[in-house]
Protein chains: 2
Amino acid sequence: MLWELKSDRPIYTQLVEHIKQRVFSGTYPLGSRLPSVRDMAQEAAVNPNTMQRALAKLEEEGLIITHRTSGRSITEDASMVELAKTKLAKDQILEFLEKMQLMGFEQKEILTIITNLVKEMKE
Amino acid sequence: MLWELKSDRPIYTQLVEHIKQRVFSGTYPLGSRLPSVRDMAQEAAVNPNTMQRALAKLEEEGLIITHRTSGRSITEDASMVELAKTKLAKDQILEFLEKMQLMGFEQKEILTIITNLVKEMKE
DNA sequence: ATTATTGTATTAAGCTCCTAATACAGTCAT
DNA sequence: ATGACTGTATTAGGAGCTTAATACAATAAT
């Protein structure tokens with residue numbers, strides 16, 4: 001998986017987002033050990049300080065556990081991960097729907113557009 | 001309508017987005033005159049320079065026309081506005097779908113979640 | 001014990017964004 | 001013609017983000 005980073009938002013917030021996605025999708029399994037800050041920083045082509053900041057943020061949210069001198073791991077609390085996943089999903093959906101409505105699309109319209117796009121992507 | 005501005009992204013890009021939404025939804029009708037930079041800045045509680053930057057960006061994209069010393073107006077080119085609207089919508093949908101997929105949601109799942117949320121909002 | 005590897009902290013520099021305070025030139029109403 | 005209004009440009013300063021180069025303490029491996 002790639003670390004796609006744009007310049008329109010702070011990098012560390014994008015790193016937080018990417019790592020969450022990996023946790024939620026199982027790329028980083030619950031309880032598994034994370035690569036070191038330096039390794040992750042290098043893989044993402046980012047300064048270690050920046051990666052450190054993203055990881056600190058994730059620890060603050062409880063998704064990641066730090067073992068002081070022997071690396072980090074993903075939490076084993078499946079229910080909390082599920083909760084965080086649901087929350088992020090809902091937030092993103094609401095933000096998306098709000099944008100579309102402000103642009104003048106009606107709910108019916110939005111649904112049909114998405115349905116068609118999803119169909120397209122399956123082909 | 002409100003000018004909701006968060007601190008996680010540059011303000012001027014958020015202004016661009018807001019103004020686009022107003023054009024696409026008809027709040028600012030095609031060909032209509034825009035309030036002055038200073039007025040818009042005050043309404044959005046933002047520095048005139050910042051609003052100026054957003055408006056310059058919009059002019060660069062062709063959505064807005066500047067009449068040097070007598071204010072600005074929305075373009076009258078309906079087809080170009082429609083094009084820009086469709087493009088922005090599609091971009092936002094794709095970005096959204098990609099995020100959801102990276103989080104581990106399947107397309108079917110996404111559709112049902114949105115359908116349910118839209119139903120909720122109608123009530 | 002020594003060495004490599006952890007997370008963490010610090011300092012300095014450069015960059016963008018944002019604000020503030022002005023200033024100027026052209027247009028419009030009076 | 002005068003005055004109020006346009007967009008525009010400039011300068012200065014502060015804040016946040018990012019990088020770079022280190023340094024330190026604690027653990028793990030040898």
Side-chain angles (χ1 to χ4, degrees), chain A residues 2-20 22-23 28-76, chain B residues 2-20 22-23 28-76:
Chain A
L2 283 175
W3 293 86
E4 221 175 300
L5 298 172
K6 301 177 182 175
S7 60
D8 62 339
R9 282 184 306 154
I11 293 183
Y12 82 97
T13 58
Q14 297 183 56
L15 293 176
V16 168
E17 218 173 283
H18 275 93
I19 297 171
K20 271 187 190 172
R22 292 174 188 213
V23 174
Y28 290 154
L30 298 202
S32 68
R33 194 167 176 282
L34 276 178
S36 75
V37 188
R38 295 170 175 82
D39 285 353
M40 291 182 75
Q42 188 175 21
E43 193 193 325
V46 147
N47 188 281
N49 293 329
T50 308
M51 183 58 79
Q52 160 78 18
R53 184 164 180 185
L55 292 170
K57 180 75 181 164
L58 284 164
E59 195 192 357
E60 191 184 310
E61 294 182 26
L63 242 59
I64 278 181
I65 295 170
T66 302
H67 311 292
R68 197 64 179 77
T69 58
S70 63
R72 280 179 241 254
S73 59
I74 309 295
T75 178
E76 295 185 358
Chain B
L2 283 174
W3 293 87
E4 222 175 300
L5 299 172
K6 302 178 181 174
S7 60
D8 63 338
R9 280 183 307 151
I11 292 184
Y12 82 96
T13 58
Q14 297 183 56
L15 293 176
V16 168
E17 218 173 283
H18 276 95
I19 297 171
K20 271 187 190 173
R22 291 173 188 214
V23 175
Y28 290 156
L30 296 202
S32 67
R33 194 168 176 280
L34 276 178
S36 76
V37 188
R38 294 170 176 82
D39 284 355
M40 291 183 75
Q42 188 175 20
E43 194 194 324
V46 147
N47 188 280
N49 293 329
T50 309
M51 182 60 77
Q52 160 79 16
R53 185 164 181 185
L55 292 171
K57 180 75 181 165
L58 285 164
E59 195 194 355
E60 192 184 311
E61 295 183 24
L63 243 58
I64 278 181
I65 294 170
T66 302
H67 310 294
R68 198 61 181 76
T69 59
S70 64
R72 277 179 243 253
S73 58
I74 310 296
T75 178
E76 295 185 0

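Bear in mind that the values here come from a model prediction, so they are computed numbers and not experimental data. Every chain is numbered from 1 and lettered A, B, ... according to where its sequence line falls, protein lines coming before strand lines. Hydrogens, waters and symmetry mates are skipped; everything else that's a heavy atom, side chains included, is used.
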Notebook entry, point to check: Starting at the 5' end of DNA chain D, which residue's closest nucleotide do you reach first, A/Thr13 or B/Leu34?
Noted result: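 Of the two residues, B/Leu34 wins.
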Next item on the list: Please figure out whether B/Gln52 or A/Tyr12 has its closest DNA chain D nucleotide nearer the 5' end.
Entry: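 Per heavy-atom nearest nucleotide, the more 5' residue is B/Gln52.
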Round to the nearest Å and state the distance from [X] atom [atom1] to [N] atom [atom2].
X	N	atom1	atom2	value
B/Leu55	D/dT6	CG	P	13 Å
A/Leu15	D/dC17	CG	C1'	12 Å
B/Lys57	C/dC17	NZ	P	11 Å
B/His67	D/dT8	NE2	C1'	16 Å
A/Met51	D/dA20	CE	P	14 Å
A/Asn49	C/dT10	CG	C1'	9 Å
B/Asn47	D/dG14	CG	C1'	13 Å

Measuring from atom [atom1] of [X] to atom [atom2] of [Y], what distance do you get when rounded to the nearest 0.5 angstrom?
X	Y	atom1	atom2	result
B/Thr66	B/Leu34	OG1	CG	9.0 Å
A/Arg22	A/Trp3	CZ	CH2	4.0 Å
B/Leu55	B/Arg53	CG	CZ	12.5 Å
A/Ile74	A/Arg33	CD1	CZ	11.5 Å

Notebook entry, point to check: Counting only side-chain N and O atoms of A/Arg72, is one of them less than 4.0 Å from OP1 or OP2 of C/dT6?
Noted result: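 A/Arg72 to C/dT6 OP1/OP2: no side-chain N or O under 4.0 Å.
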Notebook entry, point to check: Hey, does the side chain of B/Arg33 come within less than 4.0 Å of D/dC5's phosphate (OP1/OP2), counting only N and O?
Noted result: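 False: B/Arg33 side-chain N/O out of range (4.0 Å or more) of D/dC5 OP1/OP2.
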Margin query: Return whichever of B/Arg53 or A/Ser36 has its heavy-atom-nearest nucleotide of DNA chain C closer to the 5' end.
Written below: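 Its nucleotide being nearer the 5' end, the pick is A/Ser36.
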Notebook entry, point to check: Taking all atoms of both residues into account, what is the closest heavy-atom pair of B/Leu2 and B/His18, and its distance?
Noted result: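 Closest approach of B/Leu2 to B/His18: O-CD2, 4.1 Å.
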Item checked: Sorted by number, the residues of residues 58-66 of chain B with heavy-atom contact under 4.0 Å to DNA chain D ->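 Here the set is B/Thr66.
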Item checked: Trace of the side-chain contact (heavy atoms from CB on, under 4.5 Å) decision for B/Ile19 with B/Met51 -> CA-CA 10 Å; B/Ile19 297 171; B/Met51 182 60 77; 4.2 Å; yes
Note to self: Checking A/Glu76 now: which residues fulfil salt bridge (Lys or Arg N to Asp or Glu O under 4.0 Å) with it, not counting sequence neighbours?
What the structure shows: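 Once residues adjacent in sequence are excluded, A/Glu76 has no partner under the salt bridge (Lys or Arg N to Asp or Glu O under 4.0 Å) criterion.
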Next item on the list: Ignoring the backbone of B/Asp39, work out which of D/dG7, D/dT6, C/dT10 is nearest its side chain.
Entry: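 Nucleotide nearest to B/Asp39's side chain: D/dT6.
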Check: Can a salt bridge be assigned to the pair A/Glu17 and A/Arg9 using a cut-off of 4.0 Å between side-chain N and carboxylate O?
Finding: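 A salt bridge links A/Glu17 with A/Arg9.
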Margin query: Within the 4.0 Å limit for protein heavy atoms, which parts of nucleotides 23-30 of chain D are touched? Write it as a string from 5' to 3', B for base, S for sugar-phosphate only, - for none.
Written below: B--BS---
Note to self: For A/Lys6, is there any backbone N or O sitting under 3.5 Å from a side-chain donor or acceptor partner on A/Gln14?
What the structure shows: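 Checking the backbone N and O of A/Lys6 against the side chain of A/Gln14, a donor-acceptor pair under 3.5 Å is found.
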